[in-house]
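Whatever order the structure lists them in is the order used to number ligands and atoms, beginning at 1.
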Amino acid sequence: MIRRTHDHAAGTEAWAEHAAAQVAAAGHRAGGARTAVIESLAGQTCCRSAQEIFDQLRADGRRVGIASVYRVLDLLVSLGVVQRLDLGGGISRYEPALPGGEHHHHLVCVECGEVRPFEDPRLESAIEQTAARSDFTVDAHDVVLRGHCPDCRAA
Ligand SMILES: [Zn+2]
Ligand SMILES: [Zn+2]
Ligand SMILES: [Zn+2]
């Protein structure tokens, strides 16, 4: 379990409001699966699969179907408020795209599929410099480091 700082909690709260506003602006009413999925995403510190989000909602007693979870996630991705990550294993994972561009990257174990978030300010400035030297306007980037986690290395 990753400890949540005050800043992170404030960030995800702001994200939940932002996401709900985008959903409303796109002409969708609030409530039901949309609210449930947004609340679930706001409570997480890293990415999760649709199945994991669905399992958690059911465990919390929310009456949502897996198909609606997928529909809501597709909507949130299309509105740019959720990032879809394909980290291997054929499963898409989802995490909030925080307003202000605050983000992290991922270490992925190719054996068991464990995903661990990391942040590195030096990596961010190196990417910014590369972007500035290019003739592209760069809006986003992904960094995934793949390998074996300590458990799988020990096995
Ligand atoms: Zn993450
Ligand atoms: Zn592993
Ligand atoms: Zn970055």
Side-chain angles (χ1 to χ4, degrees), residues 1-20 22-23 33-60 62 64 66 69-155:
M1 184 69 197
I2 299 151
R3 197 160 46 90
R4 283 177 59 173
T5 64
H6 271 302
D7 280 340
H8 187 82
T12 53
E13 212 170 281
W15 173 83
E17 278 172 33
H18 170 67
Q22 293 293 108
V23 165
R34 292 188 195 106
T35 304
V37 170
I38 289 172
E39 281 173 8
S40 169
L41 285 165
Q44 73 186 59
T45 52
C46 193
C47 54
R48 278 182 309 161
S49 67
Q51 182 70 47
E52 288 168 332
I53 292 166
F54 170 74
D55 289 345
Q56 189 229 311
L57 290 173
R58 296 301 289 237
D60 291 348
R62 309 295 290 253
V64 295
I66 184 87
V69 171
Y70 273 107
R71 265 200 305 276
V72 174
L73 288 170
D74 282 344
L75 172 67
L76 296 174
V77 169
S78 75
L79 294 173
V81 295
V82 164
Q83 191 188 3
R84 180 190 277 123
L85 296 150
D86 294 303
L87 300 174
I91 303 162
S92 292
R93 293 182 171 86
Y94 302 86
E95 75 183 17
L98 296 179
E102 186 202 324
H103 67 279
H104 57 244
H105 296 295
H106 300 97
L107 285 149
V108 178
C109 177
V110 296
E111 193 82 30
C112 70
E114 183 185 337
V115 175
R116 191 181 296 175
F118 73 89
E119 286 176 61
D120 186 341
R122 285 172 307 171
L123 175 64
E124 296 306 319
S125 60
I127 290 171
E128 269 168 39
Q129 285 166 32
T130 302
R133 280 195 300 268
S134 81
D135 55 0
F136 274 47
T137 56
V138 175
D139 305 317
H141 63 261
D142 299 308
V143 179
V144 180
L145 304 184
R146 293 189 176 80
H148 290 82
C149 73
D151 285 351
C152 291
R153 254 191 0 247

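Protein N/O/S atoms closer than 2.8 Å to the Zn ion (ligand 2): Cys109 SG, Cys112 SG, Cys149 SG, Cys152 SG.
Counting only heavy atoms from C-beta outward, the side chains of Thr12 and Gln44 never approach each other to under 4.5 Å. Using a 4.5 Å heavy-atom threshold, the side chains of Cys109 and Asp151 count as separate. Side-chain contact check for Ile53 versus Leu73: some heavy-atom pair is nearer than 4.5 Å. Side chains of Val37 and Tyr94 form no contact here, defined as non-hydrogen atoms less than 4.5 Å apart.
With sequence neighbours left out, the ring-ring contact (aromatic ring centres under 6.0 Å, His included) criterion links His106 to His104. By the salt bridge (Lys or Arg N to Asp or Glu O under 4.0 Å) test, Arg48 pairs with no residue at all, sequence neighbours left out.
With no hydrogens or angles considered, no side-chain donor-acceptor pair links Glu95 and His103 at under 3.5 Å. Side-chain contact, Glu128 with His141: no donor N or O sits under 3.5 Å from an acceptor N or O.
For the Zn ion (ligand 1), the tally of protein N/O/S atoms lying closer than 2.8 Å stands at 4.
Between Glu124 atom OE2 and His103 atom NE2, the angle centred on the Zn ion (ligand 3) amounts to 110° (nearest 10°).
Put simply, the side chain of Ser40 never gets that close to the backbone of Ala36: no donor and acceptor are under 3.5 Å apart. One N or O on the side chain of Trp15 and one on the backbone of Val81 form a donor-acceptor pair closer than 3.5 Å.
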